[in-house]
Trainee: 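For reference, the structure I am asking about is given below.
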2 protein chains.
Amino acid sequence: MKETITLKKLAEMLNLSIATVSRALKDHPDISEQTRNRVKELAELIDYNPNPYAINLRTSNSKEFAIIVPILSNRFYHSFISSVEEEARQYGYSVSIYCSNDDAALENDILKRCRQKRMTGIFVAITPATTDTVSFKRLESTGVPVIFFDKVPDQDTYNRACVADKKAAVLAAQALIQKKKKRVLAIFDSIQMSITRTRLEGFLATFAAEAPEVQVDIRHVVNSETARQVVAQVLGHEPMPDAIFCMSDEILIGVMKAQQRTTLRFPDDIGIIAISDGFIPQLYFPEITYVETSGYKLGKLAFSRMMACLSGSSFAQTLIVDSILIEGGSL
Amino acid sequence: MKETITLKKLAEMLNLSIATVSRALKDHPDISEQTRNRVKELAELIDYNPNPYAINLRTSNSKEFAIIVPILSNRFYHSFISSVEEEARQYGYSVSIYCSNDDAALENDILKRCRQKRMTGIFVAITPATTDTVSFKRLESTGVPVIFFDKVPDQDTYNRACVADKKAAVLAAQALIQKKKKRVLAIFDSIQMSITRTRLEGFLATFAAEAPEVQVDIRHVVNSETARQVVAQVLGHEPMPDAIFCMSDEILIGVMKAQQRTTLRFPDDIGIIAISDGFIPQLYFPEITYVETSGYKLGKLAFSRMMACLSGSSFAQTLIVDSILIEGGSL
DNA sequence: GTGAAAGCGCTAACAG
DNA sequence: CTGTTAGCGCTTTCAC
């Protein structure tokens with residue numbers, strides 16, 4: 001159990017006061033260059049590490065961000081997390097990950113913990129059950145920025161960063177129109193979810209405005225398996241759709257399973273397009289054409305907003321990450 | 001900016017000393033039940049939260065574990081992380097996630113950070129480039145347990161938790177033999193990786209011992225795309241294999257892409273089996289038969305070893321998570 | 001049973 | 001330029 005090196009020890013070894021050593025280490029202008037070098041050299045040599053707990057106790061600045069997500073087994077959040085972590089490290093911050101398991105009570109516990117730990121700032125994707133956002137507001141009022149991302153509250157009094165859900169659906173619809181598809185099977189998640197309503201609206205509005213003659217068959221499913229069943233049934237009967245739209249990865253997976261039982265080929269026999277972060281689409285051959293919703297880009301955006309808040313930007317802002325179409329060859 | 005509640009404030013409000021309040025809050029036997037209740041009630045009422053930095057400064061116990069992984073976009077590590085986090089929370093520990101990006105230098109920085117932050121213990125999957133494990137040893141010698149998992153150093157002087165790599169390959173081989181496959185195309189990652197050598201050895205030994213007559217065609221690939229190319233070529237020429245083995249998810253993905261260009265069907269025309277954590281196999285229809293390597297189980301195992309170390313178990317130990325065969329219908 | 005006091009390692013006035 | 005001092009909030013002897 002090697003004893004730890006403290007400022008005091010350094011000071012003793014150098015015959016200086018603790019204060020001087022402390023200042024030398026952080027390039028305080030008062031300190032002579034000679035002393036500074038002497039201190040820094042020894043510190044380096046004996047591998048001095050400041051105790052972050054002491055620093056925090058003194059300064060109440062943890063240099064640590066929290067990210068709270070409702071679920072961890074989700075690629076979108078993973079890329080968001082890596083993205084933020086990447087930036088944070090550059091700025092000398094750490095990142096702690098918390099998972100609320102879609103449980104509003106647990107989310108509240110986590111929030112409490114974040115308060116205890118004096119987190120510098122918080123990124124949070126709320127659970128569907130989160131109704132009481134007042135505790136977030138309270139935290140924010142104590143000077144801890146809260147950036148909501150992906151799953152955000154309705155009120156625009158919060159800082160929010162989202163992907164362009166509506167536009168993603170619009171882009172997908174336009175791609176279908178451009179490929180002259182006439183009979184589109186469009187599969188959406190449950191209409192309960194606000195993201196579904198947003199995407200559905202954009203999707204339908206685009207067809208209505210730009211290609212009203214296209215037949216759009218909207219179906220709602222609750223998971224991958226129900227998506228598979230819907231498609232298995234549709235593909236077995238004339239008239240067949242000439243393209244399928246999937247509003248999420250989960251749906252895409254189900255559709256692909258159904259397709260694998262048939263002899264139909266993309267894009268010759270039927271086209272397919274999805275909204276996705278891009279991982280699942282590249283599992284197939286040809287790769288699936290998709291409209292990208294990038295957790296990575298969202299992370300960058302949210303982080304920059306965080307830094308802005310930290311340097312004083314106090315008004316709430318809603319930021320949107322743009323979507324783009326990635327051609328895979330399946331449409 | 002609401003002012004924070006400290007022990008001192010509580011003490012003042014109750015007309016008690018700080019020491020008494022502190023003791024009351026942690027059920028010290030010296031304190032009378034009456035006082036204790038009085039203290040606890042008020043603490044609850046005004047939402048007192050101890051400052052973890054002060055506690056740590058005093059006790060040098062961060063109650064925090066670190067998990068260091070070489071890459072975050074990996075399902076296996078995700079399930080490991082959730083698994084550990086789940087346990088840790090129950091024991092009142094937090095978990096910080098760090099990603100070394102397969103960079104040994106960064107890994108070292110992270111390690112330094114962990115030392116600074118006085119992490120209670122560390123779980124680490126090392127990068128392929130990590131040669132210098134002495135800094136881990138040094139950390140361990142200061143009383144911070146280091147549990148290596150998945151990617152572990154060669155020396156058995158470390159605490160290591162691994163999946164049963166060899167056995168996984170053996171199980172897959174046995175499944176192929178049992179299905180009376182006679183011409184197996186077996187695709188492995190680069191022979192550079194120790195995991196490849198381990199699996200290859202188990203795989204070949206099983207055929208040699210139990211079914212020497214089976215033709216096993218071993219191929220090494222470097223990624224999903226090369227796997228796809230190999231299979232695309234093999235499937236185009238007689239004599240065709242009657243089964244394919246994939247040692248990893250990445251290979252499986254490539255193989256499936258190749259298959260999607262053919263009219264071959266699993267399991268009728270050809271069989272397929274993989275080693276996987278189970279996510280990718282269930283993307284296809286029929287789902288792919290695989291030998292499971294579970295990050296979740298590995299997490300539980302590693303955590304229990306961590307707790308053992310914390311309560312004094314000092315000798316190094318190598319733990320193995322068993323593998324099982326999951327039938328998907330593709331073999 | 002309760003309180004006084006020391007100190008964990010560090011920062012930041014305030015003095016010289 | 002450098003040192004002295006007073007805490008940050010908490011735990012923990014040691015007294016009473």
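Values below: every heavy atom of this structure, side chains too, minus hydrogens, waters and symmetry copies.
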Trainee: Does Arg305(B) make a cation-pi contact with Phe315(B), if we ask for NZ or CZ under 6.0 Å from the ring centre and within 45° of the axis?
Mentor: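 Here Arg305(B) passes the 6.0 Å and 45° test against Phe315(B).
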Trainee: On DNA chain D, nearest-nucleotide positions of Arg23(B) versus Asn51(B): which is more 5'?
Mentor: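 Between the two, 5'-proximity favours Asn51(B).
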Trainee: Establish whether the base of dG9(C) is bridged to the side chain of Arg118(B) by a donor-acceptor pair shorter than 3.5 Å.
Mentor: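 It does not, because no donor-acceptor pair links the side chain of Arg118(B) to the base of dG9(C) below 3.5 Å.
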Trainee: Just the rounded figure in Å: distance from P of dG9(D) to OH of Tyr48(B).
Mentor: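 Distance, rounded to whole Å: 10 Å.
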Trainee: Rounded to whole Å, how long is the line connecting atom CG of Asn61(A) with atom C1' of dC10(C)?
Mentor: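 Answer to the nearest Å: 14 Å.
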Trainee: Please confirm whether the shortest side-chain N or O distance from Ser17(A) to OP1 or OP2 of dT2(D) is below 4.0 Å.
Mentor: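 False: Ser17(A) side-chain N/O out of range (4.0 Å or more) of dT2(D) OP1/OP2.
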Trainee: Atom CG of Leu16(A) to atom C1' of dT4(D): distance rounded to whole Å?
Mentor: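 Leu16(A) atom CG is separated from dT4(D) atom C1' by 14 Å.
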Trainee: Which listed nucleotide (dT2(D), dT12(D), dC10(C)) is nearest to the side chain of Thr20(A)?
Mentor: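 Given the options dT2(D), dT12(D), dC10(C), the side chain of Thr20(A) is closest to dT2(D).
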Trainee: Roughly, in whole Å, what's the span from OH in Tyr53(A) to P in dC10(C)?
Mentor: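 My rounded result for the distance is 14 Å.
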Trainee: Check the distance between dT12(D)'s P and Leu7(B)'s CG and give it to me in whole angstrom.
Mentor: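 In whole Å, dT12(D) P and Leu7(B) CG are 12 Å from each other.
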Trainee: Given the rule in the ring pair (Phe, Tyr, Trp, His ring centres under 6.0 Å) test, do Phe80(A) and Tyr296(A) qualify, once you have shown the distances and angles that lead to the verdict?
Mentor: CA-CA 5 Å; Phe80(A) 181 90; Tyr296(A) 185 84; over 10 Å; no
Trainee: Determine, step by step, whether Tyr158(A) and Thr133(A) satisfy the side-chain hydrogen bond (donor to acceptor under 3.5 Å, both in side chains) criterion, reporting the C-alpha distance in whole Å, the side-chain angles of both residues, the deciding distance to 0.1 Å, and the verdict.
Mentor: CA-CA 10 Å; Tyr158(A) 292 103; Thr133(A) 52; 2.7 Å; yes
Trainee: Between Glu12(B) (CD) and dG3(C) (P), how many Å, whole number?
Mentor: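 Rounded to the whole Å, the gap is 13 Å.
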Trainee: Out of dC8(D), dG9(C), dC10(D), which nucleotide sits closest to the side chain of Pro50(B)?
Mentor: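 Side chain of Pro50(B) sits closest to dC10(D).
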Trainee: Can you name the one residue among Val21(A), Leu25(A), Thr35(A), Leu45(A) that meets side-chain contact (heavy atoms from CB on, under 4.5 Å) with Lys40(A)?
Mentor: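 Among Val21(A), Leu25(A), Thr35(A), Leu45(A), the one that satisfies the side-chain contact (heavy atoms from CB on, under 4.5 Å) with Lys40(A) is Leu25(A).
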Trainee: Do NZ/NE/NH1/NH2 and the carboxylate oxygens of Glu87(B) and Lys300(B) come within less than 4.0 Å?
Mentor: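 Counted as a salt bridge, because a side-chain N and a carboxylate O are separated by less than 4.0 Å.
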Trainee: Any chance CG of Asp154(A) has more than 12 other-residue heavy atoms, nucleotides or ligands included, within less than 6.0 Å?
Mentor: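 Check fails, neighbour count at 12 or below.
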Trainee: Provide, to the nearest angstrom, the distance between the CD atom belonging to Gln116(B) and the P atom belonging to dC10(C).
Mentor: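 Spelled out: CD on Gln116(B) to P on dC10(C) is 10 Å.
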Trainee: Among residues 27-39 of chain B, which residues get a heavy atom nearer than 4.0 Å to DNA chain C?
Mentor: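 Correct list: Asp30(B), Ile31(B), Ser32(B), Thr35(B).
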Trainee: Could you check how far CD1 of Ile18(A) sits from C1' of dT4(D), rounded to whole Å?
Mentor: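 Going from CD1 in Ile18(A) over to C1' in dT4(D) covers 11 Å.
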Trainee: Does the side chain of Met306(A) come within less than 4.5 Å of Phe65(A)'s, by heavy atoms?
Mentor: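 Counting from C-beta outward, Phe65(A) and Met306(A) do come under 4.5 Å.
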